[in-house]
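Counting begins at 1 with the first residue of the sequence. Start at 1 and go down the list; that is how both ligands and their atoms are numbered. These figures come from a predicted structure and were not determined experimentally.
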Amino acid sequence: MQDKSINILGIETSCDETAAAVVADGRIVKSSVIASQTKLHEKYGGVVPEIASRAHIEKIYPVIAEAMAQAQTSKDDINAIAIANQPGLTVALVVGVTAAKTLSFAWDKPLIAINHLHAHLQSAMLSEENLQLPAVALIVSGGHTCLYDYRSPLEPELLGSTIDDAAGEAFDKVATILRLPYPGGPSIEETAAKGNPNAIKFPRSMLGSDSLDFSFSGIKTAVLYYCRGQDMKGEDRVDSMSAQQIADIAASFQAAVIDVLIKKTQRAAEKIGAKTILLGGGVAANNQLRTALQQMCESAEPPKKLLIAPKQYCTDNAVMVASLAYHKFKAGLFADLTLDPKASSS
Ligand code: KG4
Ligand code: ZN
């Protein structure tokens, strides 16, 4: 019998994960395959674009073939190919975009272009049937920190974003300062669990009383000064610090970043009268952030519903791409073979 659901093959190569997934009707995950490049970038302490691009080229077709096999789906059952074509590293995006365009042409399937950040937001809603609107969505990743006014999957309205470093970038850079392993977010979280979040009062940059933008470069610099002295001429004290001192710095840094994320989300929720808060992006895997946002939602008047992306869909994946594409499919919003990758969001 023919499969009557709408099956979308999603592809994601915006940074350092080569991912493909088959999702039915926007929420039934038939397969999700992710080839992570963490090991390749580890020794550089960050993603090296050319290495990422080469690894995507090697992995893209095996990952797509695996996603199709795991979903037990043939190309005949696929209704569209979805690709995250922005924002991200151009040399990485181009690999997924080329693969998606090739499959779209060879299989004669429509092509759907997806904004990677809007897809992150979608991953918070995978299991939600009855979303109460309006919602404020907080997307915190390695490349972006954004607040959206969310009223429909197709046009989330940007309320504010970072004016310098993204939250995940700050975690990664502070982990490097503290000599913690890459990727920094999970290392900081693990180390912070043994530290005192009130040990050091790092700055909380709020950028004015009604701003919904973020700035995290100041706190990163504050950690650096704390470790090297105000004039940066002092000896780097990290190597001589005790494990407890490192844990206290990690915990105090994490608390300051979370404090700002929560206050700004609360500010945005008040501004638009949000009934629901959505949380997604790599940093959404952080347990302290998840708990703090839960507390904020419970203590709000009236309380707000909180939807957080399941942990396996917080960091980059293709399920979120295929899930969002379902809404574009239903709205008839298709791309053509002139689709290009774009480094920044439009
Ligand atoms: O969404 P994502 O996979 O990639 C981008 O689109 O950027 O996010 C990756 C970011 C990295 O900066 C990583 O350090 C951070 O998410 N991250 C975390 C945690 N897990 C990943 N940050 C804080 N706590 C975590 N548990
Ligand atoms: Zn991402």
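Residue His144 places every heavy atom at 4.0 Å or more from ligand 1. Heavy atoms of Gln254 stay at 4.0 angstrom or farther from ligand 1. Heavy-atom distances between Pro186 and ligand 1 reach below 4.0 Å in at least one pair.
Salt-bridge formation is not detected for the pair Arg54/Glu50: no Lys NZ or Arg NE/NH1/NH2 atom is positioned less than 4.0 Å from an Asp or Glu carboxylate oxygen. Using a 4.0 Å cut-off between charged nitrogen and carboxylate oxygen, Arg179 and Asp239 count as a salt-bridge pair. Remark: Lys342 does not engage Asp340 in a salt bridge, criterion side-chain N to carboxylate O under 4.0 Å. Lys305 and Glu128 are joined by a salt bridge, as a carboxylate oxygen and a charged side-chain nitrogen come within less than 4.0 angstrom of each other. A salt bridge does not link Arg267 with Asp210: none of the charged nitrogens is closer than 4.0 Å to a carboxylate oxygen.
Side-chain atoms of Gln122 and Ser323, non-hydrogen and from C-beta on, do get closer than 4.5 Å to each other. Tyr226 has its side chain out of reach of Thr221: every pair of non-hydrogen atoms, C-beta onward, lies at least 4.5 Å apart.
The N/O atoms of Glu17, backbone and side chain alike, include none that comes under 3.5 Å of an N/O atom in ligand 1. Not one N or O of Pro183 is nearer than 3.5 Å to an N or O of ligand 1, by distance alone. Here's the thing with Thr315: none of its N/O atoms is less than 3.5 angstrom from an N/O atom of ligand 1. Considering backbone and side-chain N/O atoms, Gly281 never comes within less than 3.5 Å of an N/O atom of ligand 1.
Contact atoms of ligand 1 toward His116: 6 (O) (distance under 4.0 Å to a heavy atom of the residue). The distance from ligand 1 to the heavy atoms of Ser141 drops below 4.0 Å at these ligand atoms: 1 (O), 5 (C), 6 (O), 7 (O), 8 (O). Of all the atoms in ligand 1, the ones that sit under 4.0 Å from a non-hydrogen atom of His120 are 1 (O), 6 (O). Using a 4.0 Å cut-off to heavy atoms of Gly143, the atoms of ligand 1 that qualify are 7 (O). Listed by atom number, the atoms of ligand 1 under 4.0 Å from Gly168 heavy atoms are 12 (O). Listed by number with element, the atoms of ligand 1 under 4.0 Å from a non-hydrogen atom of Gly282 are 1 (O), 2 (P), 8 (O), 16 (O), 17 (N), 18 (C), 19 (C), 20 (N), 21 (C).
Of the N and O atoms on the side chains of Gln312 and Asn317, not one donor lies less than 3.5 Å from an acceptor on the other residue. If you check the side chains of Lys30 and Asn7, you find a donor sitting under 3.5 Å from an acceptor.
When only non-hydrogen protein atoms are considered, atom 24 (N) of ligand 1 lies nearest to Asn286 ND2, 3.1 Å. When only non-hydrogen protein atoms are considered, atom 18 (C) of ligand 1 lies nearest to Gly185 CA, 3.5 Å. Among protein heavy atoms, atom 26 (N) of ligand 1 sits closest to Glu189 OE1, 2.7 Å. The single protein non-hydrogen atom nearest to atom 13 (C) of ligand 1 is Asp172 OD1, 3.8 Å, given as residue, atom name and distance.
Aromatic ring orientation, His120 versus His116: perpendicular (interplanar angle above 60°, classes split at 30° and 60°).
Within 6.0 Å of the NZ atom in Lys264, the count of heavy atoms belonging to other residues, nucleotides or ligands exceeds 12.
Ring to ring, Phe171 and Phe253 are close: their centroids are under 6.0 angstrom apart.
The nearest N/O/S atom of Asp316 to the Zn ion (ligand 2) is OD1.
Rounding to the nearest 10°, we obtain 100° for the angle at the Zn ion (ligand 2) between His116 NE2 and His120 NE2.
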